[in-house]
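Notes follow once the structure below has been shown.
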Amino acid sequence: MSSKYIVRQQIKNADGEIIGHEILYHGENQAFAAEASTSNEFAAADTVYNFLTQNSTKVLHGSLNFMTFTTMLLMKKTPRLFDKSELVIQIDDSVIIHPLSMRFVEQYAKEGYQIAVNEFQFAPRYLALMDSIDYIKINARTTNDLTMRNIIEIAHSMNKKCIVTNIDDDDQYAMARNVGADLFEGKRVSERMKVKAHSSSYLQGNFFRLMVAVTREDPDVDEVEQMIAADAGLTYGLMRTANSVYFALRHRATTIHQAIVTLGLAQLKQWVYLLSASNAETAVDPGSEEFLKLSFMRANFCSELMNHAQGVPISKSEAYLMGMFSTLNYLIDAPMEDILAEVPLDDAIREALLHRTGPCGALYELVLSYENADWQRITELSEQLSIPNNLLTSVYFLCMESVNMLWDQLTNPYAGAQAPDEEKAAES
C-alpha cells in the first residue's frame, strides 16, 4: 500500500511570527505537484480533492493556508470550497505550461483569491503571470544568493511578496534574510524561536482557569489535570515540585496524575498561589506561546500513536510527557540535559529527547519528521514501529482538531468564571 501523508508547515515573517501554513501532501509514492504522468495527475488530484472536501473545516479555519493545486483541481473548481480570505492558491510549472489552466488561475485572481507561484524562474511564462500573482516562492536548496536577490528585487519592484522555502539550516536562513525575503519556510524556520522565555513561562489564560478550578469548594481533579497537561510550563513546574525533597516519597511521580496525588489538593492550591504571586508580571510572551502550543500538539500526537505503535516500552502518559517536554529548551534558558535532570523520567524517554535513540526515540523522531514533512523518514519510522502509515494523517489531524479546540478554550476568557478574589467577594 502506498503512503499518503498531509502536513501543515509554518510560514513566518522576519520577526518569527506565524502568518500562515503550507498544506503539504505526499501520496502515491510521490510528492504532490510532482506528477510525472496524466495518471499520476488524476491520482493526486482525486486524493487531495477527497481530503479537502472531508477535512477543510478542521485544517483551514482561522488561518492563511498555502495549498498547491494541480490543473485537475483547478478545473474541478476546488478552491471555491474555501473562504478566499483563508486560502492562497499555489501553482507550479505543470500548471503554468498547461494550455487551459492559466485561464482558471486568472479567474480565481479576479475573484479575490491570492495566488502564489512555486519555484519561480526567470522565464517568459513566469514573468507573464506577474499581474495575477501575490507571492513568489523561491527554493533555498536550489537557488544561489545572487539569483535569489535578483528575483526578490524584481518582485518587490512589482509589489509582490517573496517566500523562501526549504530553509534547512542557519546559513540558508541568514542568506534569505540578507537578500530581503519577506517570509520564510522550512525545517529551520519551524525550529527558530523569537525569544527565549524564562523558566516560569506559562500560558496566562490557562493559568487563570487553573486558579479558578483549584479554588472551588469541590475541585474537579480531572479538570485540573487537563489544564496542567495543556501547558508545558505548568507541567514542568508541577513535576519538579512533586518530586522535590519536601514532597518526594519512595516512588517518585512520573505522570501528571501522580504528581497531583502526591501534592494533594491543599498543597496544589498553595503551589498555584505561590506561582501566581512569584510570576504576576512574567506570563509567557506571544513568541513563546507558539512553543507551548507545539508541545501540546506533540504530546497528544505521541500519546495517540501509542495506540498503534509496537515495541515502545512506555505508557501513553509517559509518551505524552515526552512530547510535552520536547520544547522545554525553548521555554527555559538552560541545556535540555540539565532541564530533564530536574524531573524523574524513564531513561528511555530521556535518551529519546536527548539523542533520539531506541524505540522511544523512533516515536519521537516520527513526530518530528511528520512536522517537517520528511516523507521518506516518516515511512521508514512508521514501518519500524509497525504503525500503519495510512493511519498517520487521520491521527495527526484528529490531534490537531482536539488541540485547537482545547487551545481556544484555554486562551479565551473563561466564560462565566470569576477570579478567586472576586469569588470570595461575591460570597461575603
Side-chain angles (χ1 to χ4, degrees), residues 7-24 32-33 59-60 62-69 74 79 82-93 95-96 101-102 104-168 171-192 194 286-287 290 373:
V7 181
R8 295 203 320 170
Q9 189 165 77
Q10 297 168 351
I11 298 175
K12 297 182 180 181
N13 63 18
D15 293 326
E17 300 168 332
I18 299 174
I19 65 93
H21 296 84
E22 179 170 5
I23 309 301
L24 298 174
F32 179 45
V59 180
L60 299 181
S63 176
L64 186 62
N65 295 271
F66 291 71
M67 186 180 305
T68 300
F69 287 83
L74 293 172
F82 313 112
D83 190 323
K84 63 187 69 175
S85 67
E86 298 177 341
L87 180 67
V88 178
I89 299 172
Q90 292 185 162
I91 58 174
D92 61 17
D93 204 52
V95 171
I96 295 171
S101 59
M102 285 314 301
F104 289 92
V105 173
E106 292 168 358
Q107 181 59 40
Y108 288 128
K110 289 179 182 178
E111 293 175 9
Y113 287 92
Q114 296 186 77
I115 310 295
V117 175
N118 289 323
E119 305 275 356
F120 186 88
Q121 303 173 26
F122 277 124
R125 62 182 182 278
Y126 281 82
L127 296 173
L129 292 171
M130 297 301 279
D131 288 342
S132 299
I133 63 177
D134 303 278
Y135 297 92
I136 287 173
K137 303 192 76 175
I138 309 167
N139 190 338
R141 295 175 186 164
T142 59
T143 310
N144 61 44
D145 56 349
L146 179 60
T147 301
M148 190 179 295
R149 186 185 298 275
N150 289 338
I151 292 174
I152 290 174
E153 287 179 355
I154 291 174
H156 285 172
S157 71
M158 303 181 74
N159 297 317
K160 312 300 179 184
K161 290 185 178 180
C162 294
I163 306 172
V164 177
T165 66
N166 291 318
I167 298 176
D168 297 325
D171 290 342
Q172 291 174 334
Y173 183 78
M175 180 179 72
R177 287 184 65 102
N178 290 338
V179 298
D182 302 289
L183 301 169
F184 310 84
E185 180 183 355
K187 179 180 178 181
R188 189 66 190 100
V189 176
S190 298
E191 294 173 349
R192 289 192 68 87
K194 185 178 178 182
E290 169 193 337

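Remark: K84 qualifies as a cation-pi partner of Y113 under the 6.0 Å distance and 45° angle criteria applied to the six-membered ring.
With no hydrogens or angles considered, no side-chain donor-acceptor pair links E86 and N65 at under 3.5 Å.
Rounded to the nearest 0.5 angstrom, H21 NE2 and M67 CE are separated by 12.5 Å. In this structure, CD1 on I152 lies 11.0 Å from OG1 on T147, to the nearest 0.5 angstrom. The CG atom of L64 lies 12.0 Å from the CD1 atom of I18; values are rounded to the nearest 0.5 Å. Atom OG1 in T68 sits 7.5 Å away from atom CG in L24 (nearest 0.5 Å).
Contact check for V164 versus Q172: no side-chain heavy atoms found under the 4.5 Å cut-off. Inter-residue side-chain proximity for I163 and E22 is flagged as unmet; no heavy-atom pair is nearer than 4.5 Å. Contact annotation: the side chain of L74 approaches that of I89 to within less than 4.5 Å [non-hydrogen atoms, C-beta and beyond]. Between I115 and F69, the closest side-chain pair of non-hydrogen atoms is not below 4.5 Å.
Under the 3.5 Å distance criterion, the side-chain polar atoms of T143 are left unmatched by any main-chain donor or acceptor of M148.
Screening Q10, K12, K137 against E185 for a side-chain hydrogen bond (donor to acceptor under 3.5 Å, both in side chains) leaves a single residue, K137.
Under the rule for a side-chain contact (heavy atoms from CB on, under 4.5 Å), N159 has no partner lying at least two apart in sequence or in another chain. E153 pairs by the side-chain contact (heavy atoms from CB on, under 4.5 Å) definition with R149, N150, not counting sequence neighbours. Checked against side-chain contact (heavy atoms from CB on, under 4.5 Å), M130 has the following partners two or more places apart in sequence or in another chain: F120, I133, I136, M158, K160. Remark: S85 pairs with D83 by the side-chain contact (heavy atoms from CB on, under 4.5 Å) rule, at least two apart or across chains.
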Item to complete: Any chance you could lay out the side-chain contact (heavy atoms from CB on, under 4.5 Å) test for Y108 and L87, step after step, and finish with the verdict?
Response: CA-CA 11 Å; Y108 288 128; L87 180 67; over 6 Å; no
Discussion item. Using the rule given for side-chain contact (heavy atoms from CB on, under 4.5 Å), can you reason through T165 versus Q9, listing the C-alpha separation, both sets of side-chain angles and the distance that settles it, and then say yes or no?
Written reply: CA-CA 10 Å; T165 66; Q9 189 165 77; over 6 Å; no
I'd like a table of donor-acceptor pairs (distance under 3.5 Å, sequence neighbours excluded) in which one partner is a side-chain atom from residues 176-184, with atom names and distances.
residue : atom : partner : partner atom : Å
R177    : NH1  : A14     : O            : 2.8
R177    : NH1  : Y173    : OH           : 3.2
N178    : ND2  : A174    : O            : 3.1
D182    : OD1  : H156    : NE2          : 3.3
D182    : OD2  : H156    : NE2          : 2.8
D182    : OD2  : C162    : N            : 2.7

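Each salt bridge (charged side-chain N to carboxylate O under 4.0 Å, His left out) pair with one or both residues in residues 138-148, not counting sequence neighbours, appears once here: R141-D168.
Closest approach of M102 to I91, counting heavy atoms only: SD-CD1, 4.3 Å.
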